K.L.:
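Just passing along the structure, written as C-alpha cells.
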Amino acid sequence: MKLHFFQRTGDKIVFWCLIGLTAVILIASALHRFAGLALVHGELYLFLPMLIVYTLLGWGLSAIIRRLKKTAVSSVVAVVLVLVMLVVGVIGLSYGSVAASFSFPQKYVTVTSPDAGHKLVVMRGLDLNEERIEQRRAARVAADPEAPAEVAAEDWGYVYTAYAPGPLGLFYRVKTLLDGEVHIGYGSKAELMVEWEDDETVGHFYVKNPELADGGEMRARAA
C-alpha cells in the first residue's frame with residue numbers, strides 16, 4: 001500500500017517549520033531553566049507557541065479548502081473560513097501583546113563601563129505593585145479633584161532590572177542580578193543612574209531626582 005503522507009511540498013514545508021519552532025521553544029525553555037539564560041525578547045516565550053497554534057489552524061484550514069469541490073458555494077465557504085482565521089489571528093495577537101507587556105520585561109538600554117568596557121543589559125517591565133500605583137493615583141486625585149478617581153495610565157510605573165548579556169545578544173544571564181530593583185513612575189522625570197564598582201565589574205543602579213513612589217536600587221555583575 002502506497003503511503004500518501006505529506007506528498008504536497010507545501011505540507012512538507014509546514015511540517016518541518018512546526019518541528020523547527022517546537023525545537024526552538026524547547027531549547028529556549030531549557031536554557032532558561034537549566035542555564036539561567038533568558039531571552040531578551042521575552043515575548044517570544046508567548047508568541048512562538050501562539051505561532052505554532054495558528055500554523056496548525058492554517059494548515060487544517062488549507063486541508064479543508066483543498067477538499068471542497070470547486071463550486072460557488074465552496075468558494076464562499078473558503079473565503080469565510082479565511083476571514084475567520086484572520087480575525088482570530090488579529091484578536092490573538094492583540095491579547096498576546098497585552099499579556100506579554102504584563103508578563104515579560106523589555107530591553108531598555110545596554111550600559112557600558114567607561115574604562116573596562118563591561119556591559120549590562122537593563123530590562124524594563126510594568127510595575128505591578130499596587131501600593132505604588134495607589135500612591136500615584138491618590139496624589140493625582142488630590143492635586144486635581146476633578147480628575148477621574150479610577151486608576152489611570154499615569155498612575156502606573158516601570159520596574160528596572162539589570163543583567164550581564166548572554167550569547168549573541170539574544171539572551172541575558174538571570175543570575176547576574178545580585179540584588180534589588182528600581183521602580184520609576186510612568187510620568188516621572190526621575191533618571192535611572194549607574195555607577196561602577198569593584199573594578200567596573202559591578203553596576204550599581206539608583207534613582208536621581210526621585211518623585212512620588214520612585215526609588216529602589218540594584219547591583220548586577222557585568223560580563
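Note that the structure is predicted; figures quoted are calculated from it, not measured.
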K.L.:
Indicate if L168 and L48 have the same hydrophobic cluster label, given that clusters are the connected sets of ILVMFWY residues with side-chain heavy-atom separations under 4.5 angstrom.
P.N.:
yes

K.L.:
With a 6.0 Å cut-off on ring centres, are F205 and Y160 close enough?
P.N.:
no

K.L.:
Test of understanding: clusters of I, L, V, M, F, W, Y form through side-chain heavy atoms closer than 4.5 Å, transitively. Do L57 and W59 belong to the same one?
P.N.:
yes

K.L.:
Output yes when a side-chain donor or acceptor of S103 lies under 3.5 Å from a complementary backbone atom of A99, and no otherwise.
P.N.:
yes

K.L.:
Could you check whether Y163 and T161, counting side-chain N and O atoms only, form a donor-acceptor pair closer than 3.5 Å?
P.N.:
yes

K.L.:
Which residue pairs pass the salt bridge (charged side-chain N to carboxylate O under 4.0 Å, His left out) test with at least one member in residues 112-124, sequence neighbours excluded?
P.N.:
none

K.L.:
Report the residues that fulfil side-chain contact (heavy atoms from CB on, under 4.5 Å) with E130, sequence neighbours left out, ordered by chain and then residue number.
P.N.:
none

K.L.:
Just to verify, what does H118 make a ring-ring contact (aromatic ring centres under 6.0 Å, His included) with, not counting sequence neighbours?
P.N.:
none

K.L.:
Verify the neighbour count for atom CG of D199: are there more than 12 heavy atoms of other residues, nucleotides or ligands below 6.0 Å?
P.N.:
no

K.L.:
With sequence neighbours left out, write down each residue that passes side-chain contact (heavy atoms from CB on, under 4.5 Å) with Y45, or none if nothing qualifies.
P.N.:
A28, H32, A38, L39, F104

K.L.:
Could you check whether any side-chain heavy atom of E197 comes within less than 4.5 Å of a side-chain heavy atom of R219, counting everything from C-beta outward?
P.N.:
yes

K.L.:
Are L18 and L56 side-chain neighbours, meaning at least one heavy-atom pair lies under 4.5 Å?
P.N.:
yes

K.L.:
Which residues pass the side-chain contact (heavy atoms from CB on, under 4.5 Å) test with V79, not counting sequence neighbours?
P.N.:
L83

K.L.:
Go through it in stages, so that I can follow the logic: the residues are V111 and V109, the test is side-chain contact (heavy atoms from CB on, under 4.5 Å), and I'd like the CA-CA distance, side-chain angles, deciding distance and then a yes or no.
P.N.:
CA-CA 6 Å; V111 296; V109 70; 4.1 Å; yes

K.L.:
Determine which pairs satisfy side-chain hydrogen bond (donor to acceptor under 3.5 Å, both in side chains) with at least one residue from residues 15-29, sequence neighbours left out, and list them in order.
P.N.:
none

K.L.:
Are M50 and V84 connected, step by step, through hydrophobic side chains (Ile, Leu, Val, Met, Phe, Trp, Tyr) whose heavy atoms are closer than 4.5 Å?
P.N.:
yes

K.L.:
Do L128 and F102 have side chains that approach each other closer than 4.5 Å (heavy atoms only, starting at C-beta)?
P.N.:
yes

K.L.:
Please work out which of the three classes, parallel, tilted or perpendicular, describes the rings of Y158 and Y186, given edges at 30° and 60°.
P.N.:
tilted

K.L.:
For a quick test of reading the model, state the closest non-hydrogen atom pair linking A220 to A162 and the distance between them.
P.N.:
CB-O, 3.3 Å

K.L.:
Using the test ring-ring contact (aromatic ring centres under 6.0 Å, His included), find all partners of H41 that sit at least two apart in sequence or belong to another chain.
P.N.:
none

K.L.:
Under the rule for ring-ring contact (aromatic ring centres under 6.0 Å, His included), what residues qualify as partners of F171, not counting sequence neighbours?
P.N.:
none

K.L.:
Could you pull out the closest heavy-atom pair between P49 and I25, with the gap in Å?
P.N.:
N-CD1, 3.7 Å

K.L.:
Looking at side-chain heavy atoms only, is the closest gap between Y54 and V88 below 4.5 Å?
P.N.:
yes

K.L.:
List for me each residue that meets salt bridge (Lys or Arg N to Asp or Glu O under 4.0 Å) alongside R137, sequence neighbours excluded, and say none if there are none.
P.N.:
E134

K.L.:
How close do P165 and A223 get, heavy atom to heavy atom, and via which atoms?
P.N.:
CD-CB, 4.0 Å

K.L.:
For P114, check side-chain contact (heavy atoms from CB on, under 4.5 Å) against everything at least two apart and list the hits.
P.N.:
W196, E200

K.L.:
Answer whether the closest heavy-atom distance between the side chains of L37 and V174 falls below 4.5 Å.
P.N.:
no

K.L.:
Can you tell me how far apart CG (D214) and CG (L212) are? Round to the nearest 0.5 Å.
P.N.:
7.5 Å

K.L.:
Could you report the tightest heavy-atom contact between R136 and I184, atom names first, then the distance?
P.N.:
NH2-C, 3.9 Å

K.L.:
Output all residues satisfying ring-ring contact (aromatic ring centres under 6.0 Å, His included) with F47, sequence neighbours left out; order by chain, then residue number.
P.N.:
none

K.L.:
I would like to know whether V207 and E191 meet side-chain contact (heavy atoms from CB on, under 4.5 Å); could you show each step before the answer?
P.N.:
CA-CA 6 Å; V207 182; E191 298 178 68; over 6 Å; no

K.L.:
So do M123 and Y108 actually touch side chain to side chain, heavy atoms under 4.5 Å?
P.N.:
no

K.L.:
Step by step, work out the side-chain contact (heavy atoms from CB on, under 4.5 Å) result for L170 and V40.
P.N.:
CA-CA 6 Å; L170 300 175; V40 171; 5.9 Å; no

K.L.:
Closer than 3.5 angstrom, by distance alone: can the side chain of H183 be matched with the main-chain N or O of A213 as a donor-acceptor pair?
P.N.:
yes

K.L.:
Ignoring hydrogens and angles, tell me if any N or O in the side chain of E211 forms a donor-acceptor pair with the backbone of K189 under 3.5 Å.
P.N.:
yes

K.L.:
Checking N129 side chain against R132 main chain: does a donor-acceptor pair fall under 3.5 Å?
P.N.:
yes

K.L.:
Would you check if the side chain of D144 reaches a backbone N or O of V141 as a donor-acceptor pair within less than 3.5 Å?
P.N.:
no

K.L.:
Test of understanding: clusters of I, L, V, M, F, W, Y form through side-chain heavy atoms closer than 4.5 Å, transitively. Do I19 and V24 belong to the same one?
P.N.:
yes

K.L.:
Return the set of residues passing salt bridge (Lys or Arg N to Asp or Glu O under 4.0 Å) with R173 (not counting sequence neighbours), or none when no residue passes.
P.N.:
none

K.L.:
Determine, stepwise, if the pair E43 / Q106 fulfils side-chain contact (heavy atoms from CB on, under 4.5 Å).
P.N.:
CA-CA 8 Å; E43 63 274 13; Q106 306 292 315; 3.3 Å; yes

K.L.:
Grab the two heavy atoms, one from W156 and one from D127, that are nearest each other, plus how far apart they are.
P.N.:
CE3-O, 3.7 Å

K.L.:
Taking the side chain as every heavy atom from C-beta outward, state whether L120 and T110 have any atom pair closer than 4.5 Å.
P.N.:
no

K.L.:
With a 4.5 Å cut-off on side-chain heavy-atom distances among I, L, V, M, F, W and Y, is there a chain of contacts connecting L192 to L178?
P.N.:
no

K.L.:
Side chains of E154 and R140: does their closest heavy-atom pair fall under 4.5 Å?
P.N.:
yes

